[in-house]
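The structure appears below as structure tokens.
Per chain, numbering begins at 1; letters A, B, ... match sequence-line order.
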Amino acid sequence: MSKGGGIMDLFSKIMGKETSSSKNIAKERLRLVLVHDRSSVSPELLENLKEDILKVISGYMDIDRKGTEVTLNSDEKSVALVASIPVIKINRVASRNAL
Amino acid sequence: MGEVIVITSGKGGVGKTTTTANIGTALASMDQKVVLIDTDIGLRNLDVILGLENRIVYDLVDVTHGNCRLKQALIRDKRFENLTLLPAAQTKDKTSVTPEQMKTLCEQLKQEFDYIIIDCPAGIEQGFRNAIAGADKALVVATPEVASVRDADRIIGLLEAAELRNPRLIINRLRPVMVKQGDMMDINDIIDILAIELLGVVPEDEMILVSTNKGEPVVLDLNSLAGQAYRNIAKRIIGEDVPLITMEAQDSFFEKFKKILGFKR
């Protein structure tokens, strides 16, 4: 930071004007980094989730279990659960009783 | 039957060892029988913070390997007869002890002490797993910095995965003047993010360095604000309801000057 900026900074602080508080920057950076950190769930949990999803869906349609993928995708600001489930055949009548 | 409390943080250098030494000393001065265990094998430091480094004969690894009896390795602090240290080994590594051995050790110590306080090493590897293995409760130490709060969040997740529910938070090295200027996260910011119960807040205090230079925990200094904060934390641990100390008194001369001149409300 230039000396001039430092003095201006001090001046605005004395005048009680909080221009850009570094605390808010810290909070926002933490929020984003924790979204990512917390999205790293165990492979075991994802496998259990996948089994449960397949159980429900197979009551409605024939699906390719081997081709199924369940993953957590995260970008800059959000995390999404993405499931890719290849359909082989859709039942004419949903057999909910099969569940 | 005693209670085993592990003091952890994930990140290094946030004050786990200082916190362990001070909470332990404060509890001992309140007539509780306390043993402190240093589980940072290879990088032991709790002994020097307490000023007991010259009295070590046997250590944690000697006990778990059966080289000595447990009693022989326990160092009694001469200033507080209720305070005892089980030091870490300095020449071994973290794999010299297993979580199972730590569980057994904690069970043994519970028979004789009111509080068994475990100083956990930084990191999330075996040293961490050893430290939490025998614990009934966990305290997480964090400073108001992005890296520290992030690591604390990770540690809280790992503690809960290990069935150590409801860890409590100690915010360390808070600087009230910086908080006021908007340049440091405040207590509520950190609690909001971590979503755990607050046990206490320790202000930044130069007396900590002075006391570690001398090997005398800062709780012995009745004029130190950090010492008072640690004494309050110890009281809350034994179940007393103590309010947080107000940090307003810490206004710098410059801040007060600004108030007088009317620059700040």
Atom NZ of A/K23 and atom CG of B/D189: how far apart are they, to the nearest 0.5 Å? 4.0 Å
With a cut-off of 6.0 Å (strictly less than), are more than 12 heavy atoms of other residues, nucleotides or ligands near CD of A/E69? no
Rounded to the nearest 0.5 Å, how far apart are CG of A/D37 and CZ of B/R150? 4.0 Å
Distance from A/K27 atom NZ to B/D186 atom CG, nearest 0.5 Å? 7.0 Å
Could you give the distance from CG (A/N24) to CE (B/M185), rounded to the nearest 0.5 Å? 10.5 Å
Calculate, to the nearest 0.5 Å, the distance between atoms CG and CD1 belonging to B/D183 and A/I25 respectively. 9.0 Å
Contact summary for B/G182 and A/S21, nearest pair of heavy atoms: O-CB, 3.1 Å
Neighbour count >12 (heavy atoms, 6.0 Å) for atom NZ, B/K110: yes
Quick check on A/N48: does its CG atom have over 12 non-hydrogen neighbours (other residues, nucleotides or ligands) under 6.0 Å away? yes
For residues A/L30 and B/V146, report the shortest heavy-atom separation together with the two atoms involved. CD2-O, 3.7 Å
More than 12 heavy atoms of other residues, nucleotides or ligands under 6.0 Å from CZ of B/R173: is that the case? no
Under 4.5 Å between any side-chain heavy atoms of A/R38 and B/D153, yes or no? yes
